[in-house]
Amino acid sequence: MTRATRIFFAADLHGSQPTFRKFLGAAAFYEADVLVFGGDLMGKALVPIVRSNGGFRAHFQGRDHELEPDGLDAFTKSVELPGFYWQVFEPDEYEVVKADELAQLGWFQRLASERLAGWLELAEDRLAGTGVRMYLTGGNDDEPAMLEVLERHDGTNVIACEDRVVDLDDEHTMITVGLSTVTPWDTPREASEDEIAATIDRSVGSVPDVGRCVFNLHCPPKDTPIDTCLKLEKRPGELPRPIREAGRFLTTGGGSVAVREAVARYQPLVALHGHIHESMGRFRLGRTQCFNPGSEYVQGTLNGWIVALRGAKLGGYQHTAG
Amino acid sequence: MAAVGEAPTLFLRKATGLVKGWSKFDAFLYSFMSVNFVTLGLFFALSVLAFVPTGQVLPALLISGVFVTFLVITYAGLISVMPRAGGDYVWQSRVMGGGIAFVLAVTGWWFILWYWAPIYGNILNVEVLQPLAATFKWDGLSDFLATDNGLFVVILATVVLAGYLVSLGMEGYAKVQKVCFYIGMIALAVVFIVMLFGSRSGFQSAFNQETANLFGAKGDVYQQTIQLGTTNNGGPVVPDLGFSPFFGDTLLLIPFLCFWILWPNWGATLYGEVRGASDFKRVMGGMMYGLWVTVAVAVVFILLASKFFGWEFFNAANLNYWASVYGFGDASIPVWSYAPFLASFYFHSSLISALIVLAFGAWFLGWAGTLFLSSTRVIFAAAFDRVLPEKVADVSEKRHVPVWALVLMLVPSIAVGALYAYTSKFSTYILDATLVIAVTFFGTAIAAMILPYRKKSLYANSPIARYRLLGLPLITVTGFITAAFLGFNLWHWFTNDLYAVNNSESLWFMGIMYGLALIIYVVAKIYRKRQGIDLSAVYKEIPVE
């Protein structure tokens, strides 16, 4: 019997430093041959640290922090755990950025790109000589600048896989689409169902054997146990708000019809998804097992699925949270 | 340099997941319906006070409430650190390892819940069906419900009802629970008003008239009930209601009260499906209100029962019921002295009695789904970790119900229900149902104690890391107190004949469950190893290098 190819799959790390390092270490820890990341690399918030009276002031985790200079290092490490970015500002500079959303976006892109570039460098260093490859893509939450960092990267072990057909081993291929359907947050890489369907179809057209192909699609199939999330309403100038009915929060399927139809139609060997953090699990569509590892990056926990591919069959699978 | 007038604010970008969270009321409702005053409280806790004729219920209740508060804090802490479907199993497995977690969790949340099915069925029988049959003088039905066959049929109906409620899914059942909450509270308020403004002499008269009307009883049945209680107990039934002794024999009531008051955390296994579950204060607040509103309702009831029924009568009537069930004495009426049913006698109207009994049935309906709902999530979590077959982790597409996990609850509980209905000894192991779960909670309390030291990173990055007491992590302190409280109860259950669970048959029953759990885990470990799956890898944390 041929040895199975073991994939370790995770998604939605959102800038979390320790969680990415765990992802990197997962290859050795779980004896995986391939690391696959399903999108959403970029963090969600930036903590401005403002100089004040020889020290620093910041607001983080719902509290104000007064920092001495020697406390800055420990503080920034705690900021990086849930994937937040940080930047030291002079008071007047802070006021300018605070009033300018475009300037804030600029800082986000710059800091996120720097962090990602650092991750790529670290990954190349750690994976050198191991034979393990890491496939990375962006999700709907990632600015195009993140994909550009991935595309620019020229290494041997870390491979950008968005919108490409890549070889996982001698017999298995993988397609990757990081787009999602429209969300209440108006995130950077959203698309219509038709666009998602067309993107998947285009990639599948280059796959030699779909029965031995892995679909790495950030958005899970619509209306399945792995796409359930709160139903939200948008209000101008506010964060989306959950909708309550008779005192209960309503839920909905946050997945994609196009993804569901593509998986049902093409029946790939395995489908890997992310996007909906709270809906970790698996679900079978026809003969294809679809996996969502969920995400708990905020607490530095790496959720993942170990998936073993043996020929045209799924050899085994196991959820992990470590 | 410009001055910063206020602390810098966070810059947020457009990204998914940034929403407002779960309501405290939702958590309260789960908790309140689990620490169910009417079902478990009236039938299994406040009805057995005469078994400790020198104990005082009010201090016992308050002491229990205080200690269960620490259990609530401990569980809220664990939920906020690891909000996963499976609760105790997940926490114990991640902190102490898979073997001990599986054995403790599946015995406490799976196997022993088979035994809870007949207990639920029995409550449906004595709180809804038998009072209704008596009210309408359906003698044939009353006689049938009092037989072994009648009890078994009710248990079957309860299992089917609980299975149906679970099949509605979390959201569907929550809607049912909410409607039941409002109906049940209105019914409770009506009965409390009757007890507050009605006189004891009026009740005595109504009781004598209605028992004569419904059951053909003769004479002053009220006084006969008290005399019978004294005979059945071989002396005074209970002391006058008060606070002395505050400790002493009063503490012996606590292991009885735990059958009811220990469950504000019953929904803990479900929090993986609850949005905003990592909000420590919110989760804790919900369970805390569930506990203390229940304690407050119970205190009000006890005071009103003392005023309206008379404390001695209330306890004598309850004692007489158990005496007739377990064959050590007689009862003055052929049904359990269900307090809302007795209070309804005040109206001298069959229709009003029936309406009150039916409205109180909402307390049962809002609680019935908890029989299997939490259990299915533990089974699901174990299957998700591949300890149980993967089929068991399958969930339905529409309502996300773990169907096979539900089947594993339903089918054995019918067999256990038959044993309960048709054998005399099996139904006396009632406190096994609490003991085995208390052992599971004990394991979780130990896991909570050591969590900050065994899972440093996870704890340090959790919402509870900031809370410390006596220089120690809060969860370590509350875990220790919870373990001590559970240890006190376990010691009494195992050593004191009063609780009827330390006999050899009961111990064998529990031992078989633990043995079965251990065998399943060992077989799974070996089987998965052959498949190339290392079960222990599931529980380990990847080091950050």
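A quick note: this is a predicted structure, and the numbers were derived from the prediction, not measured. Each chain gets a letter, A, B and so on, in the order its sequence line appears, and its residues count up from 1.
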Counterpart residues, side chain to side chain contact (heavy atoms under 4.5 Å, CB included), relative to B:R530 (two or more places apart):
B:I526
How are the rings of A:H277 and A:H14 set relative to one another: parallel (under 30°), tilted (30 to 60°) or perpendicular (over 60°)?
tilted
Side-chain donor-acceptor pair present, B:Q92, B:T444, cut-off under 3.5 Å
yes
What residue in A:W107, A:F89, A:F29 has the most heavy-atom pairs under 4.5 Å with chain B?
A:F29
Which one wins on heavy-atom pair count under 4.5 Å against chain B: A:L81, A:I306, A:T320?
A:L81
Engaged part of A:Y30 at the chain B interface, taking heavy atoms whose separation is under 4.5 Å
side chain
Classify the ring geometry of A:H65 against A:F60: parallel below 30°, tilted from 30° to 60°, perpendicular beyond 60°.
tilted
Which atoms of A:R6 are under 4.5 Å from chain B, going by heavy atoms: the side chain, the backbone, both sets, or neither?
side chain
Are B:R94 and B:D385 ion-paired here, with the side-chain N under 4.0 Å from a carboxylate O?
yes
Is chain B contacted by the side chain of A:Y317, its backbone, both, or neither, given a heavy-atom distance below 4.5 Å?
both
Relative to chain A, which segment of B:R466 carries a heavy atom at a distance below 4.5 Å: side chain, backbone, both, or neither?
side chain
I'd like to know if the side chain of A:N292 pairs up with that of A:S279 as donor and acceptor (distance under 3.5 Å, no hydrogens or angles considered).
no
Could you tell me which of A:L24, A:T19, A:T301, A:V97 has the largest number of non-hydrogen atom pairs under 4.5 Å with chain B?
A:V97
Is there a donor-acceptor contact under 3.5 Å linking the side chains of A:E296 and A:N303?
yes
Whatever's closer than 4.5 Å to a heavy atom in chain B on A:E31 counts as neither
May I ask you to name which of A:F23, A:F20, A:W305 has the most heavy-atom pairs under 4.5 Å with chain B?
A:W305
